[in-house]
Amino acid sequence: MELVEATEADLDALVERWYDLATSMEPYSELNELAFEEATAVPDDWFRAHLDDPSVTDYLVVVDGDAVGFVTVESGRRPSQKRSRYLKIVNLAVDEEHRNRGYGTEVLDRVAAMARDQDRDYVTVSCERGNDGARRFYRDAGFEPKRVTFARSLE
């Protein structure tokens, strides 16, 4: 398994995988309702902007030459904290037919190595509160709860 930095040629694959991930999050909260009826309606300029943003990088998860998922990472800093430099996993998805083969865990290990190489202090990731499978996955990979995000609809 390898992480291959995405290029403009990969935008359609990224959008399709992001759409699958986003639609799987809809049942967890009404705030997750998508504005797009299908992946082709999602503007690819969201991911295109990542190509020009040095703090955000998209990678395809590639196994034997085939993309089986993607991960988006964002570097950041919280200057008020002693351990201020972090690498945030913004998106992580492995295609359904390739799950439970260790690829997700391997992605987390590769992102941790990447963070060490970039002199980051820690890696962070979020998931939906009710997504017990994702919460278990991240806990089993050594992540621990650090922050709770609250949301309030304004409708």
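Computed over heavy atoms, backbone and side chain alike; hydrogens, waters and symmetry mates excluded.
- Going from atom CZ of F47 over to atom CG of L11 covers 8.5 Å, rounded to the nearest 0.5 Å.
- Residues Y28 and R129 are not in side-chain contact: their nearest non-hydrogen atoms beyond the backbone lie 4.5 Å or more apart.
- Heavy-atom neighbours of N100 CG from other residues, nucleotides or ligands within 6.0 Å: at or below the threshold of 12.
- With N91 contributing its side chain and V71 its backbone, the two residues share no donor-acceptor pair below 3.5 Å.
- Environment of CZ in R78: crowded, with over 12 heavy atoms of neighbouring residues, nucleotides or ligands closer than 6.0 Å.
- L92 is not listed as a side-chain neighbour of V125, based on a closest heavy-atom distance of 4.5 Å or more.
- When all heavy atoms are compared, the tightest approach of V94 to R99 is O-NE, 2.7 Å.
- Cluster membership check: V4 shares its hydrophobic cluster with V15, using side-chain heavy-atom separations under 4.5 Å among Ile, Leu, Val, Met, Phe, Trp and Tyr.
- Under the 4.5 Å side-chain heavy-atom criterion for ILVMFWY residues, a single connected hydrophobic cluster contains both V111 and F143.
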Distance-only check: which donor-acceptor pairs under 3.5 Å involve side-chain atoms of residues 31-43, not counting sequence neighbours?
from : atom 1 : to   : atom 2 : distance (Å)
N32  : ND2    : M25  : O      : 2.7
N32  : ND2    : E128 : OE1    : 3.4
N32  : ND2    : E128 : OE2    : 3.2
E38  : OE2    : T40  : OG1    : 2.7

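- For the atom pair E106 CD and L3 CG, the distance stands at 8.0 Å (nearest 0.5 Å).
- The closest side-chain heavy-atom distance from D117 to M114 is not below 4.5 Å.
- Remark: S75 OG to R85 CZ distance equals 11.5 Å, nearest 0.5 Å.
- Although no hydrogens or angles enter the test, the distance criterion places no donor-acceptor pair under 3.5 Å between the side chain of D10 and the main chain of A13.
- Heavy-atom neighbours of R48 CZ from other residues, nucleotides or ligands within 6.0 Å: above the threshold of 12.
- Applying the 6.0 Å contact sphere to CD of E96 captures no more than 12 heavy atoms from other residues, nucleotides or ligands.
- Considering only heavy atoms from C-beta on, Q118 comes within 4.5 Å of L87 through its side chain.
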Worked check of salt bridge (Lys or Arg N to Asp or Glu O under 4.0 Å) between E144 and R139: CA-CA 6 Å; E144 59 186 56; R139 273 194 311 271; over 6 Å; no
Checking side-chain contact (heavy atoms from CB on, under 4.5 Å) for the pair F137/T105: CA distance, chi angles, key distance, verdict? CA-CA 8 Å; F137 170 69; T105 300; 3.5 Å; yes
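- L21 and V90 fall into different hydrophobic clusters, defined by Ile, Leu, Val, Met, Phe, Trp and Tyr side-chain heavy atoms under 4.5 Å apart, directly or through other members.
- Heavy-atom minimum distance, L108 versus A141: CD1-CB, 3.5 Å.
- Between C127 and Y138, some side-chain heavy-atom pair lies under the 4.5 Å cut-off.
- No side-chain heavy atom of M1 sits under 4.5 Å from any side-chain heavy atom of R101.
- Side-chain atoms of R77 never come within 3.5 Å of backbone atoms of Y86 as a donor-acceptor pair (strictly under, hydrogens ignored).
- The shortest distance between side-chain heavy atoms of L51 and E8 falls below 4.5 Å.
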Do any side-chain atoms of residues 52-70 form donor-acceptor pairs under 3.5 angstrom with protein atoms, and if so which ones, sequence neighbours left out?
from : atom 1 : to  : atom 2 : distance (Å)
D53  : OD1    : S55 : N      : 2.9
D53  : OD1    : S55 : OG     : 2.7
D58  : OD1    : H50 : ND1    : 3.4
D58  : OD1    : T72 : OG1    : 2.5
D58  : OD2    : H50 : ND1    : 2.6

